[in-house]
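Take a look at the structure set out below.
Lettering follows sequence order; numbering is per chain, from 1.
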Amino acid sequence: MQYNFNEIEAKWQKYWADNQTFKAENDSDKEKFYVLDMFPYPSGAGLHVGHPLGYIASDIYARYKRHKGFNVLHPQGYDSFGLPAEQYAIQTGQHPAVTTAANIKTYRRQLDQLGFSFDWSREVRTSSPEYYKWTQWVFIQIFNSWYNKDSDKAEEIETLIAKFSKDGNANINAVCDDDIEDFTADEWRAFTDVKKQEILLKYRLTYLADTEVNWCPALGTVLANDEIVNGVSERGGHPVVRKKMTQWSMRISAYAQRLLDGLAKIDWPQPLKDSQTNWIGRSEGASVTFFTVENSFPIEVFTTRPDTIFGVSFMTLAPEHELVSKITTSDQKAEVEAYIEATAKRSERDRMADVKTISGAFTGAYAEHPFTKEPVAIWIGDYVLAGYGTGAVMSVPCGDQRDYDFAKHFNIPIPNIFEGVDISEEAFSDKDKTVITNSDFLNGLPYKKAVKRAIFELEKIGQGAGKINYRLRDAVFSRQRYWGEPFPVYYVDGMPQMIANEHLPVELPEVEKYLPTETGEPPLGNAEVWAWDTVTTKVVNNSEINNTTVFPLELNTMPGWAGSSQYFNRYMDPHNSEEIFSQKAINYWQDVDLYIGGSEHATGHLLYSRFWQKFMFDKGLVPKDEFAKKLINQGMITGTSAFVHFVTAKFENEKQFFIAINKKDLNNVDAVIKKWRNTAPVNSKAFKYGALISTHVDVSLINASDELDIEGFKKWRPDFEDSIFIKDDGEVFKVVREVEKMSKSKYNVVNPDSICEEYGADSLRLYEMFLGPLEQSKPWNTAGITGTHSFLKKLWRQFHTGENASFMVSEEEPSKESWKTLHKTIKKVEEDIDNFSFNTSVSTFMICVNELTAQKCVSRKVLEPLAILVSPYAPHIAEELWNKLGHTRSIATATFPTFEERYLVESSKEYPISFNGKMKFTLALSLDLSKEEIETAVMANEKTQQQLQGREPKKIIVVPGKIVNIVG
RNA sequence: GCUCGAGUGGUGGAAUUGGUAGACACGCCGGACUUAAAAUCCUGUGCUCUUUGGGGCGUGCGGGUUCAAGUCCCGCCUCGAGUACCA
């Protein structure tokens, strides 16, 4: 009987779906285990072989954990809001919901054919109203919260209001906007309602603010910093400019320290933790206040080197700093304004492109040094960023290279405050070797002590304090897009109002056009039915807006990360229409035990999700403040692109054609063409050819030996129909191969559908694991799949040893060798899965089956456990064999076999014996011998004596269980 | 520039964390079966010398520690990822 994988796979996929084999219950006596994949964005291109890598790994782990007796939650869903569907809608007018639904269908079919053990009854889609109802709900919770630094957590806004009406805001220790004026309780109570709302907005965890944003005119939207690559948009590569807009922001900066601390308790890859640490960018130092000589304007700066305060010879403000216009002297006004205008014109991209050019302008103003009382010149310069720290620095040219370069460029004095250090060429910034001089009370102190003392002295005179600064900025939460979650927000007198929880979801309205409006409003500005009636609590036509009972709704939508920041919790109770999830469900499932996904989300989704989780934790909604215990970044499977190289050629007065050059001949094109010309038509008198050009070839036109199907190529690229191919000696034409990202435009995409059809899903699953370590990126090469495919055929034959290869296993006791083979395999596979080394366990299976074949082992006692071992990797064939072994329930319910040492251990073990470090022979010795007994036995051995040739051994090294080494 | 990570046959990659480097697979060479192809099976396959017994060299390069180094230490080189005037 043949291994008919197509039939077997279809049969069991249907069985699993019909029987809901992988449905997880929220009620179980078993221990829980939550295995999660990053849910996909359903793009129109469907899956290629690179996509399922992480899903296969997580599926193996989920199936393994089921065999180990856990109640496993292994859900899947779709991150179905996003830009591509919207772009497509703009081009074709098709509603994104329609294309998204079609794409999801394709995804589902492709995922199903790989035999994943997802619990599809828990599927979520971020774009479905039942789901985004809860995204809106969480947004409202965040809006109704403020961050109390005293309790170090988010609290209800009501507690803040209570404090205001009792004591005003003098003693509030909150994370909030920095432009807040003090008020008393009496003043608070006297404020108008709008004024109160305005103030509260400065404290809320999500707030409206005029933010300088990255505006992409081509896409008509705002992009996050991580959506911009090299100054252009990640999608589409359009230019990006700075623009001020009123945007919703999330006060993620309130959580900076907790996000940093949390990294210590989660088992995530170090590089990912490093990049989050970098992103948060904590730096310790001090804030120092300088006062201008004229008018005593305070200028606050942040420095990590308060110990170098006596080295200050000037100050630099960002050109955008609000004080610049107030302090600039009339003499310098023209120069300063010209400089500000020049920097404003420079795009972010230009600034990045040339970091070497030093530019700036002197304001004419001076500040007073807090200790020496000397005047310090105030400059502006674009190397100081408005968005970091206070947008102003105290410049210490002897201790900071940028200050040094600036000082040199503008001939500003560079006083030296470091003992025995030459600063004539560059600044000295080695903290550990610092000994300070010319610095009054800091003289002679090493770095750490000097910092402490400087802060102490600053505090004493009230002009500074120790401070920790973070690079992490609040996250902009508004997008000028259609295909995203609408905000549950309407505006009364310009102040945002939340729609009550019971009226959620606020559903996305229909629009005629998906582009921004002519007045530059977001696409929702095109909606005709987009106003909130507070009486009927319904969305009504815009014409009904009267600003007394019917108000305009928010036109922005939420960013992509809104829906992905909580989906892992929603899976626990996805159909709950009363709550985001029940407390019972969250208390059972707690958190994700294993999360597998790409590292590209390090500073996006994975940081935002940790922030939302911490917020939810503060609100008492979730029991854990980190959502995923362990995370693995699967590597990318890259494509192997193929190229054909051509020269354009022409005979006199004739039409141009192409000559394709074989891979081998690329280094001596001239010689090859000359040779070809000799055989060419006679009219080759005036023959000319140009430089080499190369073009991608669809990899499906290339065979395993890199040979091109020339006829197929000509059909595929009719523009090359008249080309001449200079073939290799063997009458074949070989292409050049190169590893690139797998992408449609590079024609190197390999589709899992065709692989499944030809070799089966089990072969594909095994092969993807076999390719290499999970976390490493590796090139795809379809040719190698025959290896895992023939393994499955061998496995099949092991169970089909009857007449005409019919199913047959024996009930007899297996040989000792076979027991050994089985238990060796159990041990290795168990270790491999626990360490996520799925690649080596595939090898182990191959060795196992090869050995069993050699041993002619057909015993049920060995084959049955083997089927269970293989089943996480190749579930379809395992299920079929399991069924043939007479089981009526799915193999998924079987218990993982236990490894027993006694099958491996024999009475003796082979010890390699070496002389002078060179291995010479091995000796079987009893396992329970002591180190001394081994030594004695080795010395008594005939071969040892031969090797020693009568000499006394200098040294005998015995590592029990491993090796005996004799130095003669 | 800074921060991580990685360099092993023709290729993907193993190596129990200091103990016979190259498991397993692809590819290739040769063979069996076949009219033939496909499929399947068997043998060989790091480089090199060889008197066919075996010898020498081999994990990016140069040193070091050790009886023993792909693995540990020091100094380089190359590639990949992230980040970028962060005071």
When you check the glycosidic angle of [N], does it come out syn, meaning within 90° of 0, or anti?
{"N": "B:rG62", "answer": "anti"}
{"N": "B:rG22", "answer": "anti"}
{"N": "B:rU17", "answer": "syn"}

Sticking with atom [atom1], work out how far [N] lies from [M], rounded to a whole angstrom.
{"N": "B:rU40", "M": "B:rU59", "atom1": "C1'", "answer": "36 Å"}
{"N": "B:rG75", "M": "B:rU3", "atom1": "P", "answer": "13 Å"}
{"N": "B:rG64", "M": "B:rA68", "atom1": "P", "answer": "13 Å"}
{"N": "B:rG58", "M": "B:rC47", "atom1": "P", "answer": "16 Å"}
{"N": "B:rG70", "M": "B:rA21", "atom1": "C1'", "answer": "7 Å"}
{"N": "B:rG18", "M": "B:rU66", "atom1": "C1'", "answer": "9 Å"}
{"N": "B:rC33", "M": "B:rG46", "atom1": "P", "answer": "28 Å"}
{"N": "B:rC28", "M": "B:rU78", "atom1": "C1'", "answer": "29 Å"}

Is the shortest side-chain N/O distance from A:Arg282 to OP1 or OP2 of B:rC86 below 4.0 Å?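 Checking B:rC86 against A:Arg282, no side-chain N or O comes under 4.0 Å of OP1 or OP2.
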Check whether any side-chain N or O of A:Tyr767 sits under 4.0 Å from OP1 or OP2 of B:rA25, and answer yes or no.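 No, A:Tyr767 has no side-chain N/O under 4.0 Å of OP1/OP2 on B:rA25.
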Using salt bridge (Lys or Arg N to Asp or Glu O under 4.0 Å) as the criterion, list what pairs up with [X], not counting sequence neighbours.
{"X": "A:Asp267", "answer": "A:Lys630"}
{"X": "A:Arg282", "answer": "A:Glu284"}
{"X": "A:Asp403", "answer": "none"}
{"X": "A:Glu900", "answer": "A:Arg902"}

Side chain to side chain donor-acceptor pair (under 3.5 Å) involving A:Ser841 - partner list, sequence neighbours excluded: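 For A:Ser841 the side chain to side chain donor-acceptor pair (under 3.5 Å) partners, ignoring immediate neighbours, are A:Tyr873.
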Applying side chain to side chain donor-acceptor pair (under 3.5 Å), can you list everything that pairs with A:Gln855, at least two apart in sequence or on another chain?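 For A:Gln855 the side chain to side chain donor-acceptor pair (under 3.5 Å) partners, ignoring immediate neighbours, are A:Ser818, A:Thr821.
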Just to be sure I understand: a Watson-Crick pair is purine N1 to pyrimidine N3 plus N6-O4 or O6-N4, both under 3.5 Å. Using that and G-U wobbles, which stems of three or more pairs involve RNA chain B?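 If one scans RNA chain B for consecutive Watson-Crick or G-U pairs, the stems found are B:1-7 with B:77-83, B:10-12 with B:24-26, B:30-32 with B:40-42, B:46-49 with B:54-57, B:60-64 with B:72-76.
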Just compare [options] and give me whichever is closest to any side-chain atom of [X].
{"X": "A:Asp382", "options": "B:rG82, B:rA87, B:rC85", "value": "B:rC85"}
{"X": "A:Ala783", "options": "B:rA84, B:rC26, B:rA87", "value": "B:rC26"}
{"X": "A:Ser275", "options": "B:rC4, B:rG82, B:rA25", "value": "B:rG82"}
{"X": "A:Val384", "options": "B:rA87, B:rC86, B:rG82", "value": "B:rA87"}
{"X": "A:Met846", "options": "B:rU83, B:rA25, B:rC86", "value": "B:rA25"}

Indicate whether the side chain of A:Thr786 and that of A:Tyr767 have a donor and an acceptor atom separated by less than 3.5 Å.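 Checked: A:Thr786/A:Tyr767 side chains show no N/O donor-acceptor pair below 3.5 Å.
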Any side-chain donor near an acceptor of the partner, A:Trp279 and A:Thr277, under 3.5 Å: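 A:Thr277 and A:Trp279 do not have a side-chain donor-acceptor pair below 3.5 Å.
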Between A:Asp274 and A:Asn469, who's closer to the 5' end of RNA chain B by nearest nucleotide?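 This one resolves to A:Asp274.
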Residue mapping more 5' on RNA chain B - nearest nucleotide basis, A:Glu831 or A:Asp403: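 Final value for this comparison: A:Glu831.
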Which residues share a side-chain contact (heavy atoms from CB on, under 4.5 Å) with A:Arg305, sequence neighbours left out: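 For A:Arg305 the side-chain contact (heavy atoms from CB on, under 4.5 Å) partners, ignoring immediate neighbours, are A:Thr303, A:Asp307, A:Thr308, A:Phe418, A:Lys431, A:Thr434, A:Tyr447.
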Considering residues at least two apart in sequence or located in another chain, which fulfil the side-chain contact (heavy atoms from CB on, under 4.5 Å) criterion with A:Asn850?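 Testing A:Asn850 for side-chain contact (heavy atoms from CB on, under 4.5 Å), a comparison that skips the adjacent residues, returns A:Lys794.
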Should the heavy atoms of other residues, nucleotides or ligands under 6.0 Å from CD of A:Glu322 be counted, would the total exceed 12?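 Result for CD/A:Glu322: open.
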Might you confirm whether atom CD of A:Gln401 has over 12 heavy atoms from other residues, nucleotides or ligands at distances under 6.0 Å?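 Buried by this count: over 12 neighbours within 6.0 Å.
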Can you check the [X] [atom1] to [N] [atom2] distance for me, whole Å?
{"X": "A:Leu607", "N": "B:rU83", "atom1": "CG", "atom2": "P", "value": "13 Å"}
{"X": "A:Phe290", "N": "B:rA87", "atom1": "CZ", "atom2": "P", "value": "17 Å"}
{"X": "A:Tyr470", "N": "B:rA87", "atom1": "OH", "atom2": "C1'", "value": "17 Å"}
{"X": "A:Glu320", "N": "B:rC86", "atom1": "CD", "atom2": "P", "value": "16 Å"}
{"X": "A:Ile847", "N": "B:rA25", "atom1": "CD1", "atom2": "C1'", "value": "11 Å"}
{"X": "A:Phe302", "N": "B:rA87", "atom1": "CZ", "atom2": "C1'", "value": "8 Å"}
{"X": "A:Glu775", "N": "B:rA81", "atom1": "CD", "atom2": "C1'", "value": "14 Å"}
{"X": "A:Gln401", "N": "B:rC86", "atom1": "CD", "atom2": "P", "value": "11 Å"}

Parallel, tilted or perpendicular, judged at 30° and 60°: which one describes the rings of A:Phe836 and A:Phe838?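 Perpendicular, since the angle between the ring planes exceeds 60°.
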Indicate for each nucleotide in nucleotides 9-15 of chain B, in 5' to 3' sequence, whether protein heavy atoms under 4.0 Å reach the base (B), only the sugar-phosphate (S), or nothing (-). ---BSS-
When all nucleic acid strands are considered with a 4.0 Å heavy-atom cut-off, which category describes A:Thr786: base, sugar-phosphate, or nothing?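 The answer is sugar-phosphate, as A:Thr786 gets under 4.0 Å only of primed atoms, P, OP1 or OP2.
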Any salt bridge (Lys or Arg N to Asp or Glu O under 4.0 Å) pairs touching residues 764-774 of chain A, not counting sequence neighbours?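 Passing the test, one end in residues 764-774 of chain A: A:Asp59-A:Arg765.
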Using a cutoff of under 3.5 Å, can you pull out all pairs of nitrogen or oxygen atoms linking the protein to nucleotides 39-43 of chain B, with atom names and distances?
| from | atom 1 | to | atom 2 | distance (Å) |
| --- | --- | --- | --- | --- |
| B:rU40 | OP1 | A:Lys793 | NZ | 3.0 |
| B:rC41 | OP1 | A:Arg797 | NH2 | 3.2 |

